[in-house]
Novice: 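There's a structure below that I have some questions on.
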There are 2 protein chains.
Amino acid sequence: MSDERRKFTRESAEQRKLALIEATLELVAEKGVRGATVRGIADRAQVTQGLIRHYFSSKEDLITAAFEHHMMQMTGLTFAPVAKVKGSAREQLRVFVQSSLMPPVVDPRSIALWAGFLNKVQHDAQMKDVHAKTYVHFRDQLEGLIRAALEEADMPTEPGQLYRLSTACNGLIDGLWMEGGALPEAFAPGELSQIGLYSVGAIIGLSLVD
Amino acid sequence: MSDERRKFTRESAEQRKLALIEATLELVAEKGVRGATVRGIADRAQVTQGLIRHYFSSKEDLITAAFEHHMMQMTGLTFAPVAKVKGSAREQLRVFVQSSLMPPVVDPRSIALWAGFLNKVQHDAQMKDVHAKTYVHFRDQLEGLIRAALEEADMPTEPGQLYRLSTACNGLIDGLWMEGGALPEAFAPGELSQIGLYSVGAIIGLSLVD
DNA sequence: GACCTAATTATACACTTGCGCAATTGGCTC
DNA sequence: GAGCCAATTGCGCAAGTGTATAATTAGGTC
């Protein structure tokens, strides 16, 4: 019994909230929203269950906060790599597709969280809104990158066709992301990225591989 | 109070099992596996909760049976349309892609079930096996259709490339399927099929639209 | 260093959960 | 039509659920 944790330690509100949110995400990924009980979350965050209701007005509130935190984190992971690239539009699109199909974006835990939250997303208006906004944001960013890359290559595309290309590429990336997370052992490292780059290139008619 | 249901009616074992499985699928889609309680399932199936343990040794057993039933049903829905087609290989591939991206295969309930079962799939060996087999079956069928269509068009493809093409098309179909089910109002009828046909054609280098 | 306030714990409550089991009921055989 | 047996019910149990709230504790203020 070398549990060195003191029984009563004060932490800042932000630190405690974050610890509770991260514990919540762990448990939602493992057992779903209903399996993430307040007692389990409190244990994981090294506090007693009563404290949860000191920082969150209800379990519902904590779940919502955890979902929003996760979505922001995923958005950050997805767009950070492309933000650093200062090359051509084609190069930016290449980096975006590639990093969207690699860890840490592709990850079994992300799929488990997506699945775990889906029920709530379909029934809770606030969560549905966050989900839709994140989806639209991803899709619009992808469309912008595709348009820039095509214009750069002197391949101007009408809006309707551009929309269809973006939807197709978005679906492709999401599908490969899902399969990579759901069956991690089925793909070698870099394999999904390679397939994604080839296929996005084929769909938009502009090769992304050298 | 016009509840005309008799309190005690005997049914065949198959009929009762099916009713319980369908009630289970309804509730799993609505609230997830943990939200599908034995009492809720019994209510939905118009029986008392004790009867469940007469037909299934545990709730776990019922959930597994419901999952396998659902997967078989999805497989049937997916492959029935292409089995009726007696045209060219290209035509068969066209029908397969098209029907995989339309109702009843594309359906919010299917997504909800996929998400609801995912946790169990990741932790239960038997369910993981069923899931993997269904995935591999879908992928292999798609690969066979693509190979036949390419050979028919005098475009023989080496196995490694064929594998990558199939994985890409599989991911594309899965991703569009997921988006169509998760955001039903975002797509007009036939839109997903159209985008899927165009994109699969672009990926394999053989147009599927006339 | 006593005090005061907010963070943290501890405990209780009403409700739900899966499961076990004895009691009932209906259709089938003879 | 009496009797038998499986299908079906009804009820109870122990464990787990979210929530409420009173009791403790730590750390900054004067």
Side-chain angles (χ1 to χ4, degrees), chain A residues 3-24 26-28 30-67 116-117 119-120 123-124 127, chain B residues 3-24 26-28 30-67 116-117 119-120 123-124 127:
Chain A
D3 186 2
E4 298 294 336
R5 179 170 76 92
R6 272 157 296 175
K7 298 174 74 176
F8 199 117
T9 21
R10 300 196 168 202
E11 302 286 348
S12 77
E14 287 314 307
Q15 217 167 330
R16 272 276 135 89
K17 281 196 172 191
L18 190 61
L20 287 170
I21 283 175
E22 281 172 349
T24 303
E26 281 181 33
L27 284 173
V28 170
E30 288 174 22
K31 315 182 191 180
V33 167
R34 284 179 207 247
T37 67
V38 291
R39 284 167 180 80
I41 293 168
D43 278 359
R44 201 65 73 102
Q46 304 262 57
V47 295
T48 51
Q49 55 152 324
L51 193 60
I52 288 182
R53 295 205 11 104
H54 187 259
Y55 287 110
F56 299 94
S57 65
S58 65
K59 182 194 169 180
E60 190 88 4
D61 187 22
L62 170 56
I63 295 290
T64 303
F67 177 67
F117 280 124
N119 266 285
K120 286 257 152 199
H123 293 81
D124 180 298
M127 289 181 69
Chain B
D3 186 0
E4 297 295 336
R5 179 171 76 91
R6 274 158 294 175
K7 297 174 76 177
F8 199 116
T9 20
R10 300 194 168 204
E11 302 288 346
S12 77
E14 287 314 306
Q15 217 168 330
R16 274 276 136 90
K17 280 196 172 191
L18 190 61
L20 288 170
I21 283 175
E22 280 172 350
T24 302
E26 281 182 32
L27 284 172
V28 170
E30 288 174 21
K31 315 181 189 178
V33 167
R34 286 182 203 246
T37 68
V38 291
R39 283 169 181 81
I41 293 167
D43 278 359
R44 202 66 72 100
Q46 304 261 58
V47 294
T48 51
Q49 55 152 325
L51 192 60
I52 289 182
R53 294 207 9 105
H54 187 259
Y55 287 108
F56 299 93
S57 66
S58 65
K59 181 190 169 182
E60 191 87 2
D61 188 22
L62 171 57
I63 295 290
T64 303
F67 177 66
F117 279 125
N119 266 281
K120 287 256 151 200
H123 293 81
D124 180 297
M127 290 180 68

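Each chain gets a letter, A, B and so on, in the order its sequence line appears, and its residues count up from 1.
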Novice: dT17(D) P sits how many Å from Lys31(B) NZ, rounded?
Specialist: 18 Å

Novice: If we check side chain to side chain contact (heavy atoms under 4.5 Å, CB included) with Lys120(B), which of these qualifies: Val33(B), Val28(B), Thr64(B)?
Specialist: Val33(B)

Novice: If you look at every heavy atom in Ile41(A) and Leu20(A), which pair is closest and at what distance?
Specialist: CG2-O, 3.9 Å

Novice: Side chain of Lys59(B), backbone of Ala36(B): donor and acceptor closer than 3.5 Å?
Specialist: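 Here the side-chain-to-backbone pair exists.
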
Novice: Let me spell it out: for each of Gly50(A) and Val33(A), pick the nucleotide of DNA chain D with the closest heavy atom. Which residue's pick is nearer the 5' end?
Specialist: Val33(A)

Novice: Atom CD1 of Ile52(A) and atom C1' of dA7(C): how far apart are they, to the nearest Å?
Specialist: 15 Å

Novice: From CZ of Arg53(B) over to P of dA6(D), roughly how many Å is that when rounded to an integer?
Specialist: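 It works out to 18 Å between those atoms.
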
Novice: Whole Å only: how far is the CZ atom of Arg16(B) from the C1' atom of dT8(D)?
Specialist: 8 Å

Novice: Quick one: Asp43(B) CG to dT8(D) P, roughly how many Å, whole number?
Specialist: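 Asp43(B) atom CG is separated from dT8(D) atom P by 16 Å.
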
Novice: Output yes when at least one side-chain N/O atom of Tyr55(A) is less than 4.0 Å from OP1 or OP2 of dA7(C), else no.
Specialist: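 No, outside the criterion.
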
Novice: Write down the distance between NZ (Lys17(A)) and P (dA6(C)), rounded to a whole number of angstrom.
Specialist: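 It works out to 16 Å between those atoms.
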
Novice: Can you figure out which of dG10(D), dT19(D), dT9(C) approaches the side chain of Gln49(A) most closely?
Specialist: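 Shortest atom-to-atom distance from the side chain points to dT19(D).
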
Novice: Over all heavy atoms of both residues, which pair between Asn119(A) and Glu30(B) is shortest? Give the atoms and the distance, please.
Specialist: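 Shortest heavy-atom contact: OD1-O, 2.8 Å.
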
Novice: I would like to know whether Lys31(A) and Arg34(B) meet side chain to side chain contact (heavy atoms under 4.5 Å, CB included); could you show each step before the answer?
Specialist: CA-CA 9 Å; Lys31(A) 315 182 191 180; Arg34(B) 286 182 203 246; 3.4 Å; yes

Novice: What integer distance in Å separates Ile63(B):CD1 from dC19(C):P?
Specialist: 10 Å

Novice: Rounded to whole angstroms, how far apart are NE2 on His54(A) and P on dT19(D)?
Specialist: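 Rounding to the nearest Å, NE2 of His54(A) and P of dT19(D) are 16 Å apart.
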
Novice: Heavy-atom nearest nucleotide on DNA chain D for Leu51(B) versus Gly40(A): which residue maps closer to 5'?
Specialist: Leu51(B)

Novice: Test salt bridge (charged side-chain N to carboxylate O under 4.0 Å, His left out) on Glu22(A) and Arg44(A) and set out the steps.
Specialist: CA-CA 9 Å; Glu22(A) 281 172 349; Arg44(A) 201 65 73 102; over 6 Å; no

Novice: Could you go over nucleotides 15-17 of chain C and give all protein N or O partners under 3.5 Å, atom names and distances?
Specialist:
none

Novice: Among pairs that include at least one residue of residues 30-67 of chain B, which meet ring-ring contact (aromatic ring centres under 6.0 Å, His included), considering only residues two or more places apart or in two chains?
Specialist: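 ring-ring contact (aromatic ring centres under 6.0 Å, His included) check on residues 30-67 of chain B returns Phe67(B)-Phe117(B).
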
